[in-house]
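Below is one structure, written out as structure tokens, with a few remarks after it.
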There are 2 protein chains.
Amino acid sequence: MPSLGPIGNFDLVKKINMEHALSTILQYRPLSRAKIASLTGLNKMTVSSCVDLFVQKGFVVELGTTGTSRGRPPTLVDLNEKAGICVGVDIEINHFTVLITDLLGKRLDSKVFPLQSKDPFFFVEKISIVLRDIVRDHGTRQLGIVGVGIVIPGYYNIRTDVVDFSANLQEWNDFPLRAELSKRVPDTAFYINPAPYAGAMGEVHFGGAKSAHHLVYVTSSWGLSAGVYSKGELFTGSTGTAGRLGHSTIHMNGKKCTCGSRGCWEMYASIKALYELLDTTPQALSFAEIVEGIKRGDSRMTSAVHELGHYQGIGLANVVNAYNPKVICIGGLLALLGPTLINSIWNTLREMIPERFLLNLEIYCSDLGELGIAHGGVSMVLRHLSGMIIEHSLLEQPKV
Amino acid sequence: MPSLGPIGNFDLVKKINMEHALSTILQYRPLSRAKIASLTGLNKMTVSSCVDLFVQKGFVVELGTTGTSRGRPPTLVDLNEKAGICVGVDIEINHFTVLITDLLGKRLDSKVFPLQSKDPFFFVEKISIVLRDIVRDHGTRQLGIVGVGIVIPGYYNIRTDVVDFSANLQEWNDFPLRAELSKRVPDTAFYINPAPYAGAMGEVHFGGAKSAHHLVYVTSSWGLSAGVYSKGELFTGSTGTAGRLGHSTIHMNGKKCTCGSRGCWEMYASIKALYELLDTTPQALSFAEIVEGIKRGDSRMTSAVHELGHYQGIGLANVVNAYNPKVICIGGLLALLGPTLINSIWNTLREMIPERFLLNLEIYCSDLGELGIAHGGVSMVLRHLSGMIIEHSLLEQPKV
DNA sequence: ATTATTTAGTATAACGTATATACTAAATAT
DNA sequence: ATATTTAGTATATACGTTATACTAAATAAT
């Protein structure tokens, strides 16, 4: 049975219509009250009462009028993007990145901090200091810190609310990340997701997959894993480890993997595999040099990437079969290989899957760059923006 | 952006609360109005007004009072399961099964019809006659035919509304099944889904996965494919072919498959593969005899099933990684192999996936039997029952 | 220049649903 | 026989949407 949500009453009606009005503003901003009414189907008065409340609380601002057509010129309204800030934190093995944005997701500041220890408490202490500074600097805004999106290099158990890594960073296993953060930085909303989930959300919000209804984002770097976004929300599975594709088998009895199994996709289609194909090491040949070589048309590197693309294609064929996405986005370092990679992926896909099942599919490489995953963290926060604004708007409403 | 649904007004409030009341009746029936109020959080008067409307329209009946506790004895109300009927149609290659149930999904009648031709029009004409008879016999009930759930041996494109098979039954490709059915049997709701999707819904509604939030149902017969049920709804993908796992690669460069690719799961873990392992044919050794042999403890057959289970396990490990389900249900003929199969599946899973990711997982074989898939078709209809009852209840409401 | 027309937005009263309060109904416990 | 408890109903109230009538402010037409 799908859960039924809240019961119907005046509160709910008000909230639903505020949500309609606000979402429309966020999507079409700036626009007039009249436009909101026609877009949403809401009554003019309903729109006015909602918008006026937002304006009164400072979440929405009235811009001037702009008379283009006939009749009384409309008063444009827009989100007050300064009414609060969002924070995205991208944790990697040796460092973490903190990104601060306004309510539109525009970068205000970002900073990289080294992680000298693999102890999760070391990270928690360090980020707490950073966050407390941010709260001090921005806490006076109407909304203060809307939330903090934490992106972790592994999985987070959404049932038990603890970290669920396996191989790398074993020290983090079973660490109650949210609880430890909340203890140190109270009254702050934390949203925690694995990197590929954040990547998917970032692409939908900021990247090339805007408003895609069915997206699979594949982080391809030293490891491989996927974030699945479907019909407006993440597909997490029962505990939050859906999309753990790096260790799915594409070649049983194949190469031994660090995870203990054999023939994992990761062994054939990650950067590690690329270096094996090139029979060299990152020390001898940096990844940037490979990217450069591809652009130059270096034949040895190109053919290695083609072979890598073939293996990527085998795994992505499984992705197509499993999730039937509309869009596949390649993220991580391998995204820099661009069309060279994509082409050979397509070649393999066409060999493996009947044309019929490929008609509705696009594949592209992310171009959000360095801060892409941190922006994904911000998008996890922005997803809750309208709910938070509505909550604040209904707070302390003076009874007449 | 998640779509925002209807705007908030009195109609919506009424519908939401009717939905709460009715769903509670369906789930806890029979029960009193007071109990509905306490379970839903609705006001007593709200519950009364909803229930009274249902009773007046004949969808809900008042049973007698049952005084157990102190105080005025409650009046129990229950769904009037005779207020309409549901139809499930399970199409297979050579025949189709029609199941008629009451509003609780209880079998009223079922019948198997041969399919002498592979022409989809042949099927459509034949089922139309059957359905028109059903309409004639049951059309007078309050709801008439709530809907017809059609289960097809392949995929259905939910974007273009046409059949999307590939290899088997190529004649059906691009056939606009819903349109052709609606043309012949008007004013009837048709719900069309592939067999594994229906299987998943059937298990959630009638089988061993009741109210599971994350289920993957794997039909294992001559082919393999999966239906994914997550958080109260099917995971369909963008066109409706998600879960096409029979042709996902578990052994690249492996056995050539009928689909043109190589190393498909289906080549190693289906009944076809079992017969290859046993080096015999269905003519020489029926599947029923194999099932019998397993129960008897026949060592040759048992070891073949163990090996089959190993290959099933490899594919199911990929299922666990991809979808992170709480429950995996094995359906189709291989479900009859029961614990023998399940045990070796578990052995392989434990070799391939860290214990941490298996803690929240159950695997079982479906025991819904012969009519399981047809019941899945019925569950596709029942999913719309409360909505349909509410719609009918609000129809022709006399204005005061 | 004046008037008609068009579009934006507001004021006000009516509508309809939930809800609180007071009530009746019907049982058991004292 | 009375008090108490629980179920369910009757009635008045509260409140957000909504229809109607209105004001505001622009352009187009005369």
Side-chain angles (χ1 to χ4, degrees), chain A residues 5-21 24-25 28 30-56 60 62-77 390 393-394 397-400, chain B residues 6-21 24-25 30-56 60 62-77 390 393-394 397-400:
Chain A
I7 64 175
N9 54 25
F10 296 125
D11 272 22
L12 182 68
V13 168
K14 185 80 191 171
K15 275 182 197 165
I16 287 175
N17 290 339
M18 287 174 84
E19 178 80 42
H20 273 96
T24 308
I25 293 174
Y28 297 95
L31 78 177
S32 66
R33 291 170 173 80
K35 193 87 209 226
I36 296 173
S38 70
L39 283 168
T40 57
L42 289 169
N43 187 284
K44 286 197 297 180
M45 281 307 300
T46 307
V47 171
S48 273
S49 83
C50 291
V51 171
D52 291 353
L53 186 53
F54 292 139
V55 170
Q56 179 208 318
V60 165
E62 286 195 334
L63 309 179
T65 59
T66 48
T68 50
S69 64
R70 230 155 85 147
R72 171 174 168 178
T75 311
L76 297 181
V77 295
I390 290 166
S393 298
L394 294 174
Q397 271 301 92
K399 291 278 171 194
V400 188
Chain B
I7 64 175
N9 54 24
F10 295 127
D11 271 22
L12 182 69
V13 168
K14 187 80 191 172
K15 276 182 196 164
I16 287 175
N17 290 339
M18 286 175 85
E19 178 80 42
H20 273 96
T24 308
I25 293 174
L31 79 177
S32 66
R33 291 170 172 81
K35 193 86 212 236
I36 296 173
S38 70
L39 282 168
T40 57
L42 290 169
N43 186 285
K44 286 198 297 180
M45 281 306 300
T46 307
V47 171
S48 274
S49 83
C50 292
V51 171
D52 291 352
L53 186 54
F54 292 139
V55 170
Q56 179 208 318
V60 164
E62 286 196 335
L63 310 178
T65 59
T66 47
T68 48
S69 63
R70 229 154 85 145
R72 172 175 166 177
T75 310
L76 296 181
V77 296
I390 289 166
S393 298
L394 294 175
Q397 271 302 94
K399 292 275 168 193
V400 189

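Proteins get letters first, then strands, A, B, ... in listed order; numbering begins at 1 in each.
Put simply, the side chain of A:L76 reaches to within 4.5 Å of the side chain of A:T66, judged on heavy atoms. Side-chain contact between B:L53 and B:Q56 is present, with at least one heavy-atom pair separated by less than 4.5 Å. B:K35 places none of its side-chain heavy atoms less than 4.5 Å from the side chain of B:P74.
Spacing between atom NZ of A:K15 and atom C1' of D:dT17 amounts to 18 Å, rounded to whole angstrom units. When rounded to the nearest whole Å, the span between CG of B:L53 and P of D:dT9 equals 14 Å. The separation between A:I16 atom CD1 and C:dT17 atom P is 16 Å, rounded to whole Å. The nearest whole Å value for the distance from the NZ atom in A:K14 to the C1' atom in D:dA14 is 15 Å. Between B:N43 atom CG and C:dT21 atom P there is a gap of 11 Å when expressed in whole angstrom units. Distance, B:L42 CG to D:dT9 C1': 17 Å, rounded to whole Å. Atoms CD1 (B:I36) and P (D:dT9) sit 11 Å apart, rounded to a whole Å. Rounded to whole angstrom, the span from the CD1 atom of B:I390 across to the P atom of C:dT17 amounts to 14 Å.
The side chain of A:S48 contributes no N or O atom lying less than 4.0 Å from OP1 or OP2 of C:dG9. Put simply, B:N17 has a side-chain N or O that comes within less than 4.0 Å of OP1 or OP2 on C:dA18.
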Set out, line by line, the N/O atom pairs under 3.5 Å between protein and nucleotides 4-7 of chain D.
residue: D:dT5; atom: O4'; partner: B:R70; partner atom: NH2; Å: 3.3
residue: D:dT6; atom: O2; partner: B:R72; partner atom: N; Å: 2.7
residue: D:dA7; atom: O4'; partner: B:R72; partner atom: O; Å: 3.3
residue: D:dA7; atom: N3; partner: B:R72; partner atom: NH1; Å: 2.9

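Legend: residues meeting side-chain contact (heavy atoms from CB on, under 4.5 Å) with B:T75, ordered by chain and number and at least two apart, are B:R33, B:E62, B:T65. A:Y28 is linked by a side-chain contact (heavy atoms from CB on, under 4.5 Å) to A:T24, A:L31, A:L39, counting only residues two or more places apart in sequence or in another chain.
Candidate nucleotides C:dA18, D:dT18, D:dG16 were compared by shortest atom distance to the side chain of B:F10, and D:dG16 ranks first. The side chain of B:M45 has D:dT9 as its nearest neighbour among C:dA18, D:dT9, D:dT18. When the nucleotides C:dA18, C:dT10, D:dT9 are ranked by their closest atom to the side chain of A:N9, C:dA18 comes out on top. For A:S49, counting side-chain heavy atoms from C-beta on, the closest listed nucleotide (D:dT17, C:dT10, C:dA18) is D:dT17.
Rounding to the nearest 0.5 Å gives a distance of 5.0 Å between CD1 of B:I16 and CD1 of A:I16. Taking SG of B:C50 as the start and CG of B:L42 as the end, the distance is 7.0 Å to the nearest 0.5 Å.
Scanning all heavy atoms of the two residues, the minimum distance from B:P30 to B:L63 falls at CB-CD1, 3.7 Å. Taking all atoms of both residues into account, the shortest heavy-atom contact from B:L394 to B:M18 is CD2-SD, 3.8 Å.
Of the two residues near DNA chain D, A:M18 and A:T65, the one whose nearest nucleotide lies more 5' is A:M18.
Note on residues 38-51 of chain A: pairs passing side chain to side chain donor-acceptor pair (under 3.5 Å), not counting sequence neighbours, are A:K14-A:S49.
For the helix from C:dA1-D:dT30 to C:dT30-D:dA1, the angle separating the two terminal helix axes comes to 20°, with each axis derived from five pairs and the value rounded to 10°.
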